[in-house]
Chemist: 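Before I ask anything, let me first share the structure, which is written out below as C-alpha cells.
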Amino acid sequence: MPRDYCSDHLAIQQVMLNYAAGVDERDRERYSNCFAEDVEVIGFGTQTYRGRDAWVDYVWNALTQYTATQHMLGPILATLDGERATTRSDVQALHLLAGSDERFTLWATYHTAMGLIDGQWRITRHELKVCATHSW
C-alpha cells in the first residue's frame, strides 16, 4: 500500500518542531526521540557525531552555557521517497549566555535525512550549514 504523503509530511514536520521545542524547553527525552540510534550529525563544530547518545550528550553539555534558547524554524521543505525523506529547514536561533547579558544569534539551514523506523519518522543524518552569526 502506498504511503500517505500528507500524513508523512506532517509527521516529518513534527519531528523538526519537536527537535526545536526539545532543546528550548530542555526536554531531553523529547529531543532524543527525534533521532535514530545510529544518527550522524555534522556541521556543529569540527567533529562528526555518530549515534544518538553521543549527539544528545554533546547538546546537553553545550546547553549549560545558555540560560535560554529559542529556535525558530521556517517552513520545512520535505521530499519523500517511500520510507525515506530529506528536509531543508531554515533556522534562526537566539542564545542567551549564562552569567551575562550577552546574546548570540545563529542564522542557518538544517539539511536533514529521515527514515521511517518502527513506524516513526526519525532523523538519520543532520547537517548544519551556517549562514551568519552575531553576538551582542
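Being a predicted model, the structure only gives us computed values, none of them experimental.
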Chemist: Tell me the closest heavy-atom pair linking Tyr5 and Ala78, and the distance in Å.
Modeler: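 Closest heavy-atom pair between Tyr5 and Ala78: OH-O, 4.0 Å.
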
Chemist: Is there a side-chain contact between Trp107 and His134, using heavy atoms and a 4.5 Å cut-off?
Modeler: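 The answer is yes, as the side chains (C-beta and beyond) meet within the 4.5 Å cut-off.
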
Chemist: What about Tyr110 and Tyr19, are their ring centers closer than 6.0 Å?
Modeler: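 Yes, close enough.
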
Chemist: Enter the distance from Asn18:CG to Met16:CE here, rounded to the nearest 0.5 Å.
Modeler: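 Interatomic distance, Asn18 CG to Met16 CE, rounded to 0.5 Å: 10.5 Å.
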
Chemist: Can you tell if the side chain of Tyr31 reaches within under 4.5 Å of the side chain of Arg26, non-hydrogen atoms only?
Modeler: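 In short, these two side chains do not touch, never coming nearer than 4.5 Å.
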
Chemist: Could you check if a side-chain atom of Val15 sits within less than 4.5 angstrom of a side-chain atom of Thr112, using non-hydrogen atoms only?
Modeler: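 No - every pair of side-chain heavy atoms lies 4.5 Å or more apart.
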
Chemist: Are Phe44 and Trp55 packed together at the side-chain level, in the sense that at least one heavy-atom pair is separated by less than 4.5 angstrom?
Modeler: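 The answer is yes; the side chains approach within 4.5 Å.
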
Chemist: Considering only residues two or more places apart or on different chains, which pairs with a residue in residues 38-48 satisfy side chain to side chain donor-acceptor pair (under 3.5 Å)?
Modeler: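 Qualifying pairs: Glu40-Arg50, Glu40-Arg125.
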
Chemist: Do His126 and Tyr49 meet the criterion of a side-chain donor-acceptor pair at a distance under 3.5 Å?
Modeler: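 Side-chain D/A pair, His126 to Tyr49: absent.
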
Chemist: Do you reckon Leu116 sits in the same ILVMFWY cluster as Val39, going by side-chain contacts under 4.5 Å, direct or chained?
Modeler: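 In one cluster with Leu116: Val39, yes.
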
Chemist: Grouping I, L, V, M, F, W and Y whenever their side-chain heavy atoms are under 4.5 Å apart, do Phe35 and Leu17 come out in a common cluster?
Modeler: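 Phe35 clusters together with Leu17.
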
Chemist: Given the rule in the side-chain contact (heavy atoms from CB on, under 4.5 Å) test, do Val23 and Leu63 qualify, once you have shown the distances and angles that lead to the verdict?
Modeler: CA-CA 8 Å; Val23 167; Leu63 286 173; 3.9 Å; yes

Chemist: Look up atom CE in Met114 and atom OG1 in Thr86, then write down how far apart they are to the nearest 0.5 Å.
Modeler: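 Here the rounded value is 9.5 Å.
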
Chemist: Please check if atom CZ in Arg103 has more than 12 non-hydrogen atoms from other residues, nucleotides or ligands closer than 6.0 Å.
Modeler: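 No, because the 6.0 Å sphere around CZ of Arg103 holds 12 heavy atoms or fewer from other groups.
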
Chemist: Are the side chains of Asn33 and Arg122 in contact, using a 4.5 Å heavy-atom criterion?
Modeler: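 SC-SC contact between Arg122 and Asn33 confirmed.
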
Chemist: With His95, which of His71, Gln70, Gln65 fulfils side-chain contact (heavy atoms from CB on, under 4.5 Å)?
Modeler: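 Of His71, Gln70, Gln65, side-chain contact (heavy atoms from CB on, under 4.5 Å) with His95 is met by His71 alone.
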
Chemist: Can you measure from CG (Asp90) to CG (Leu73) and round to the nearest 0.5 angstrom?
Modeler: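 These two atoms lie 9.0 Å from each other.
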
Chemist: Do Tyr66 and Val56 belong to the same hydrophobic cluster, where Ile, Leu, Val, Met, Phe, Trp and Tyr are linked whenever their side-chain heavy atoms lie under 4.5 Å apart, directly or via other members?
Modeler: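 Yes, one cluster joins them.
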
Chemist: Are the side chain of Asn61 and the backbone of Asp57 linked by a donor-acceptor contact shorter than 3.5 Å?
Modeler: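 Answer holds: no.
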
Chemist: Just wondering, do Ile12 and Thr87 contact through their side chains at under 4.5 Å, heavy atoms?
Modeler: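 Yes, side chains in contact.
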
Chemist: Calculate, to the nearest 0.5 Å, the distance between atoms CG and CZ belonging to Asp8 and Arg84 respectively.
Modeler: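 Here the interatomic distance stands at 14.0 Å.
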
Chemist: Say whether, by atom type as modelled, one donor and one acceptor occur between the side chain of Arg52 and the main chain of Ala36 under 3.5 angstrom.
Modeler: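 Such a contact is absent between Arg52 side chain and Ala36 backbone.
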
Chemist: Would a hydrophobic clustering, with Ile, Leu, Val, Met, Phe, Trp and Tyr connected at side-chain separations under 4.5 Å, put Trp60 with Leu96?
Modeler: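 Hydrophobic grouping puts Trp60 apart from Leu96.
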
Chemist: Output the distance between atom CG (Leu106) and atom CG (Leu128), rounded to the nearest 0.5 Å.
Modeler: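 Here the interatomic distance stands at 6.0 Å.
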
Chemist: Taking atom OG of Ser89 and atom CD1 of Ile76, what is their separation to the nearest 0.5 Å?
Modeler: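 Between Ser89 OG and Ile76 CD1, I get 4.5 Å after rounding to 0.5 Å.
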
Chemist: Using side-chain heavy atoms (C-beta onward) and a distance below 4.5 Å, is Leu97 in contact with Thr67?
Modeler: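 Sidechains of Thr67 and Leu97: no contact.
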
Chemist: Does the side chain of Thr109 come within less than 4.5 Å of His111's, by heavy atoms?
Modeler: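 Heavy-atom side-chain distance check passes, below 4.5 Å.
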
Chemist: Report yes or no: do Leu80 and Ile117 belong to one cluster of Ile/Leu/Val/Met/Phe/Trp/Tyr joined by side chain heavy-atom distances under 4.5 Å?
Modeler: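 No; Ile117 is not reachable from Leu80 via cluster members.
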
